Amino acid sequence: MLFYIDRRYRRQKLLKSMLWQIRFEEIDFVTALLNVSVRASFKTQGMRRTNTKKNLIKTKSLERNNLAYKGSPDQSPLNYHKPDHGATMFGSVAYIRGSLVSVKRMSRNSVNVTKDVLQELNHLMELKHQNVCAFVGACVDPGRILLLWEYCPKGSLQDVIWNQNIKLDRMFMFALTQDIAKGLDFIHKCSIHYHGNLKSSNCVVDSRWTCKLTDFGVPTIRLMDKCSVSVTDEGSNSKFLWTCPEVLRSDKNYDKQKADIYSLGIIIKEVFTRSGPYTEYPFLTPHEIVNRVRDRVSRTAHFRPMICAELRESPDLQSLIEECWNEDPLIRPSAARTMKALNRINPSKNMTMIDNMIAILEKYANHLEELVAARTSELDAEKQKTENLLYRMLPQSVAEDLKMGKTVKAQHFDEATIYFSDIVGFTTICASSTPIEVVNLLNSLYTLFDDIITRYDVYKVETIGDAYMLASGLPNKNGARHIREIADCALDILASITTFSIPHLEDKNLRIRVGIHSGPVVAGVVGLAMPRYCLFGDTVNVASRMESTGLPLKIHLSTISKENLEKFPGYHLHCRGEISVKGKGIMKTYFLEGREGFDRPLPDVCDDLSASPTSIPSTPATPMSPQPNPDLDMKQTTDACLPIKDFVTKMLSGPKGEGVVSPDEFIANMHSDIDNDVVSPEMIVTKMLSDLDKHLISAEEFMTNVLSTSERTNVSHEGEDYKYTGISDKDELCKHSEPVKNFITQTTPDPDKDRVSQVSSNEEYDSLNTTYSVDNPYITRDFLRHMLDDHRDEVKRETKTVEESTAL
Ligand SMILES: Nc1nc2c(ncn2[C@@H]2O[C@H](COP(=O)(O)OP(=O)(O)OP(=O)(O)O)[C@@H](O)[C@H]2O)c(=O)[nH]1
Ligand SMILES: [Mg+2]
């Protein structure tokens, strides 16, 4: 009976003692989960090469560089402690019974599981401490000797130290080193008794940032691995950078726990300086370092890692490290004392790791809040900028609709006023300016206008080249105010033109034509790319025509606009008369010339015109027959001269091929002509036209100019018939202006003669220089026509003469 009980107890004990055993088939290797270090070692398992001289040199130079290198985890000295350089083991990650484990392969092929080995393995299995990796088991299948440890996902302490992406503050460093000291204290006090291979790669960090000791125990299994290390093997030598001098010297009976403390000192230095054990000596190979550590120079001078500034800042920490790696093992503190010392030095000793993490998280969260607030305000500012830009391009209500993805329907406005302005002679200005000067001109002009319009309830629709378009009464309806807003704005713009000088032509004044019309308008957004708020309807076309048929520095209004404006008192409006407007027929139009209380000076039309070379309107109105008006005042008389201008302009712009230049071409050449002292009849006529533009020329002046022109042109009239219409109602004409009356009196030999006889010979024509009759200012149309015809003939004749003489 006792025999059976004993056998059963022995069997149970054996069974229990074999719990560590894992068969190779049970191990499910997960190569995909290998970390950098493990992967590096795993890959090179078959590459245990013997070091040739060449390999050694290569390895040496690599190690020199990498001991000095600080930064990339892949480049950490760790990789040079790996089997790639001749070490004898490799690691991997695997699943055992559903748990992830770190697998460490021993280089030996077989293990004799003696009672001692069994005991060591059983002891390992029993270890339980938060700073010690749990031993999962061992595989002792022949050729596959493996030790399996709890897997820590954050990698080894060495990986953490060298990974610059991981921020380690001082509190964190203390926590890590205290963990190691605690784990070591536990090992020193348990049956394992010592670690034996303590270094930063054998301290691993779990998912909760707890540091744990691994890869220790079972010295009998490891023995052969240690023995296999060659002294000249640089890769293996780097493994001894944590090894104390007495072990390197293979002293007998050394204190294994004090040897661990030496390694702990090196690790503390690594953590607090975030460097390798001997990074400060990049010019030394691990072999040279190991030799220096082993061979003491004197009783007091020992080769150790350099104490850098980071450590010198904390004298307590420095002295603790120096104590740990003291040459005399007896001076080295115990693990417990080291633990206490670290705790004492630690400025945040009362905080646990969790407290620390929470503090970091809080700090991070606060910072994050600040960051979010800052980013949000930046975002708001950007959004505001975008919205401002959008609101400048589209009416706010339209922009809001577009932002919300709504389709913007075209909107009908019963009444609105449209304003157009255009720069007079812009083509000429462009011809004599560089593109950038033109852009600068438009930019400064429109900046000025944009500033003015902010004072009125007007909406800037767009600018098209030199044209500037405004509307009032849309997109926000404003009752009948629209005409007043536009009129006031137009006066303001016109007044501002007096002080505006062309940036690159400072002596030249800029002139604009302004046209205004009121009526119904449809507004809508057209297009998908670059959507624009556009206005449609006849009102827009007429407003544009008002501008093109207007006069420089004048605000030209349609009758409807004038009537609308008259509802508001104080505006000075003058009837221009009737003009023919393309597509609209004859329209009676008006000029807005001021407002009561508007004290800003408006441009002096006379001065300005005389100074400008660009006096011919680019779009002349269609000439109309003048309508005799009994109420004709001086102003209207001069206005009535305009058809003459139009006629002449038209004449000048006759079809090409007749040796006739267009007014624009003529004007463009005018300066150079003057420079060359070439004065042509066209030039004189143009000057006269500009005078007409000023509305100040009298019939007398006009005729004087005409006569002087005819004198200067020295026209030959041979074989030509000229007809001049006599005065039809001289007395009527004489009523209107003193100069005209004088002129007529002086130039009409027979005051009783109602009609000047038709001139049909050269003699009669010549006599016109002394005796001349006019019926009204429009007579000059005929005169001019003949005069210019004569000039053309003259030119032709001259050209012919020159050609003939050349031919001869
Ligand atoms: N992530 C993770 N990596 C581990 C773990 N255990 C070991 N490693 C990694 O595996 C590497 C290789 O370990 P070993 O083969 O023991 O090499 P070593 O620690 O440098 O040297 P010796 O222990 O002296 O052989 C270590 O440096 C760690 O980066 C673990 O539990 N988790
Ligand atoms: Mg290891």
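Both counts, for ligands and for their atoms, begin at 1 and track the order of listing. Not measured: the values here are computed from a predicted model. Positions are given from 1, in the same order as the sequence printed here. Hydrogens, waters and symmetry mates are skipped; everything else that's a heavy atom, side chains included, is used.
- Of all the atoms in ligand 1, the ones that sit under 4.0 Å from a non-hydrogen atom of Asn202 are 16 (O), 19 (O), 23 (O).
- Under the 4.0 angstrom criterion for non-hydrogen atoms, Gln158 is not in contact with ligand 1.
- Note on ring orientation: taking the six-membered ring where Trp is involved, the planes of Tyr281 and Tyr278 are tilted (angle from 30° to 60°).
- With a 6.0 Å cutoff to the six-membered ring centre and a 45° limit on the axis angle, Lys256 counts as a cation-pi contact of Tyr254.
- Arg332 contributes no side-chain N or O that, together with a main-chain N or O of Trp325, makes up a donor-acceptor pair within less than 3.5 Å.
- The N/O atoms of Cys152, backbone and side chain alike, include one that comes under 3.5 Å of an N/O atom in ligand 1.
- For the ligand labelled ligand 1, residue Trp149 lies outside the 4.0 Å heavy-atom shell.
- Residue contacts with ligand 1 do not include Thr214, since none of its heavy atoms lies under 4.0 Å from the ligand.
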Yes or no on side-chain hydrogen bond (donor to acceptor under 3.5 Å, both in side chains) for Lys199 and Thr243, after CA distance, side-chain angles and deciding distance? CA-CA 9 Å; Lys199 52 181 160 182; Thr243 312; over 6 Å; no
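- Ring centroid separation for the pair Trp149 and Phe216 comes in under the 6.0 Å cut-off.
- Heavy atoms of Val93 found under 4.0 angstrom from ligand 1: none, in either backbone or side chain.
- Atoms of ligand 1 found under 4.0 Å from any heavy atom of Glu150 (numbered from 1 in listed order, with element): 31 (O).
- At least one N, O or S atom of Asn202 sits under 2.8 Å from the Mg ion (ligand 2).
- Interface of Asn197 with ligand 1, defined as ligand atoms under 4.0 Å from a residue heavy atom, comprises 22 (P), 23 (O), 24 (O).
- Geometrically, ligand 1 and Lys154 share no nitrogen or oxygen pair separated by less than 3.5 Å.
- Proximity of Ser201 to ligand 1, defined as any heavy-atom pair under 4.0 Å, is shared by backbone and side chain alike.
- In Arg144, the CZ atom is not crowded: 12 or fewer heavy atoms of neighbouring residues, nucleotides or ligands sit closer than 6.0 Å.
- Minimum-distance N/O/S atom of Asp215 relative to the Mg ion (ligand 2): OD2.
- Taking the six-membered ring where the residue is Trp, Phe172 and Trp209 present perpendicular rings, their angle passing 60° and hence far from 30°.
- Within 6.0 Å of NZ on Lys115 lie no more than 12 heavy atoms contributed by other residues, nucleotides or ligands.
- The shortest heavy-atom distance from Arg105 to ligand 1 is not under 4.0 Å.
- Atoms of ligand 1 found under 4.0 Å from any heavy atom of Lys199 (numbered from 1 in listed order, with element): 21 (O), 22 (P), 24 (O).
- Between Glu120 and Thr220, the side chains place a donor N or O and an acceptor N or O closer than 3.5 Å (distance only, hydrogens not considered).
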